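Read the numbers this way: they start at 1 and go in the same order the structure lists the ligands and their atoms. None of these values were measured; they are calculated from a predicted model.
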Amino acid sequence: MKDVASQIRQGNRLALSCLLTWIENENPEGRAALDELFALTGRAFIIGITGPSGSGKSTLVNRLAIQLTGSPQTPQSVAVLAIDPSSPFSGGAILGDRVRMRDLMEHPEIFVRSAATRGALGGLARAASEMVLALEAGGFDFVLVETVGAGQSEVDIACLAHTTLVVEAPGLGDDIQAAKAGILEIADILVVNKADKNGADTAARSLAAMLEIGADAAGLNREEQVTWKVPVLKTSALNDEGIDELVAAIRQHRTYLETSGEWQRRSQIRLDDLFERLLREKLFAEWKRNIQNRKYEQILGEIHTRKISPYQALKQFRA
Ligand SMILES: Nc1nc2c(ncn2[C@@H]2O[C@H](COP(=O)(O)OP(=O)(O)OP(=O)(O)O)[C@@H](O)[C@H]2O)c(=O)[nH]1
Ligand SMILES: [Mg+2]
């Protein structure tokens with residue numbers, strides 16, 4: 001496709017899809033296009049949605065996306081990026097999402113895309129970050145990014161989003177799982193979905209109690225807690241309940257971000273993270289190219305056979 005960047009600038013969705021595929025496949029044309037489009041990024045409100053598998057994230061994202069488009073007279077545009085870290089062979093979850101996401105297709109302001117693992121470890125996190133850049137350049141007002149949380153995903157959503165929703169559900173035993181994985185710490189808004197099911201109130205109460213404990217623990221983000229108290233909201237995505245309240249909380253968080261300077265800080269963290277990833281990849285590739293032929297493999301072999309330790313091996317390389 002010719003001159004993808006300028007077509008994306010004009011709002012061409014096909015060109016955008018093409019760029020997203022390039023990014024996913026690590027095609028160098030993707031970087032060239034992103035390079036051209038970079039100045040257009042930085043305007044979207046990026047919302048991360050994470051939580052344990054099966055808590056209803058995708059169902060909730062569908063509802064949110066529709067709600068965020070607002071009134072038909074002055075519609076806002078919403079991009080949804082569903083990141084699936086599972087192997088391409090399991091495939092089930094994505095297919096499920098696709099089917100449910102069909103009702104989004106009726107909304108021209110909503111654009112849906114999923115991304116799966118490709119390439120090297122860490123590749124998905126970089127690709128996710130780059131795909132968000134592409135969507136921002138596409139001019140969307142909101143970019144919703146769904147990832148599976150609870151330590152199963154290599155994508156650090158809190159690093160990518162302005163506002164992070166952690167979605168739990170009763171009956172998954174997640175409160176304990178969540179506390180273990182430290183997933184509560186990244187929540188700006190905590191959602192107990194499947195509020196239509198038994199145990200939602202208990203789950204909401206115990207999560208609120210855990211947040212209190214977290215808030216009392218010394219150190220982390222103490223300053224931030226003074227001005228933003230993480231709300232615990234109940235939703236039933238299936239029945240379209242609690243979505244208005246959730247959208248209201250999201251808007252409040254945005255106001256908080258903008259008035260506290262956090263908006264800018266978080267926007268910068270994302271770029272710092274992307275740049276560091278790119279730099280690390282580049283330096284490693286260059287360094288590896290420049291070391292004496294086969295020395296790297298040789299040393300790995302010596303580590304494998306316990307001839308030397310990884311620490312001794314490190315001393316053999318200069319920075
Ligand atoms: N009872 C009830 N079921 C729900 C609700 N929201 C989602 N579900 C159901 O829960 C199941 C999982 O929903 P998904 O939206 O795919 O959950 P997910 O968190 O995106 O799952 P993964 O992407 O696989 O991690 C589906 O069968 C949904 O229909 C809800 O509010 N109430
Ligand atoms: Mg999902």
Side-chain angles (χ1 to χ4, degrees), residues 24 47-68 78-105 107 110-117 124-125 127-128 131-132 142-158 160-161 164-175 177-178 180-181 183-184 186-187 189-204 207 232-247 249-250:
E24 219 180 1
I47 303 169
I49 298 95
T50 192
S53 185
S55 63
K57 298 179 294 297
S58 299
T59 316
L60 188 67
V61 163
N62 287 10
R63 300 287 189 194
L64 267 182
I66 292 168
Q67 194 76 6
L68 288 170
V78 182
V80 175
L81 180 63
I83 295 169
D84 193 324
S86 60
S87 101
F89 302 107
S90 74
I94 283 195
L95 196 63
D97 289 348
R98 286 255 166 85
V99 171
R100 275 191 299 281
M101 284 184 173
R102 214 186 305 160
D103 45 289
L104 293 183
M105 303 302 174
H107 295 259
I110 301 176
F111 177 89
V112 181
R113 171 72 186 222
S114 60
T117 311
L124 186 60
M131 286 171 104
V132 169
F142 297 91
V143 177
L144 309 185
V145 187
E146 178 195 335
T147 60
V148 175
Q152 291 159 40
S153 171
E154 57 163 306
V155 178
D156 182 1
I157 196 69
L160 199 62
T164 301
L165 314 187
V166 172
V167 182
E168 302 279 352
L172 297 175
D174 344 296
D175 42 5
Q177 203 190 326
K180 250 194 222 156
I183 199 173
L184 294 187
I186 64 163
I189 298 170
L190 203 62
V191 181
V192 177
N193 188 42
K194 306 197 185 181
D196 51 284
K197 287 178 93 174
N198 281 339
D201 286 322
T202 317
L207 287 167
V232 181
L233 302 176
K234 284 183 288 178
T235 59
S236 172
L238 201 62
N239 302 325
D240 206 4
E241 283 165 13
I243 310 301
D244 287 348
E245 291 81 354
L246 179 55
V247 168
I250 290 170

Sub-4.0 Å heavy-atom approach of Glu241 to ligand 1: no

Any side-chain donor near an acceptor of the partner, Gln67 and Asp244, under 3.5 Å: yes

N/O/S atom of Ser58 inside 2.8 Å of the Mg ion (ligand 2), strictly under: yes

Sole candidate of Ile189, Leu190, Thr50 that passes side-chain contact (heavy atoms from CB on, under 4.5 Å) when paired with Leu165: Ile189

Contact partition for Thr59 relative to ligand 1, non-hydrogen atoms under 4.0 Å: both

Ligand 1 N/O within reach of Asp196 N/O, cut-off under 3.5 Å: yes

Sub-3.5 Å N/O-N/O distance, Ser55 and ligand 1: yes

Distance-only N or O hit between ligand 1 and Ser58, under 3.5 Å: yes

Contacting atoms of ligand 1, where contact means under 4.0 angstrom from a heavy atom of Ser236: 31 (O)

Nearest non-hydrogen partners of Val78 and Ala65, listed with the distance: CG2-O, 3.7 Å

Exercise: identify the closest heavy-atom pair between Pro170 and Lys197: CG-CB, 4.2 Å

Nearest heavy-atom neighbours spanning Ser114 and Glu24: O-OE2, 3.9 Å

Within-cut-off N or O pair, Leu238 and ligand 1, under 3.5 Å: yes

Shortest-distance N, O or S atom of Glu146 relative to the Mg ion (ligand 2): OE2

Taking every non-hydrogen atom, the tightest pair across Gly56 and Asn193: CA-ND2, 3.6 Å

Distance-only polar pair, side chains of Glu146 and Ser58, donor-acceptor under 3.5 Å: yes

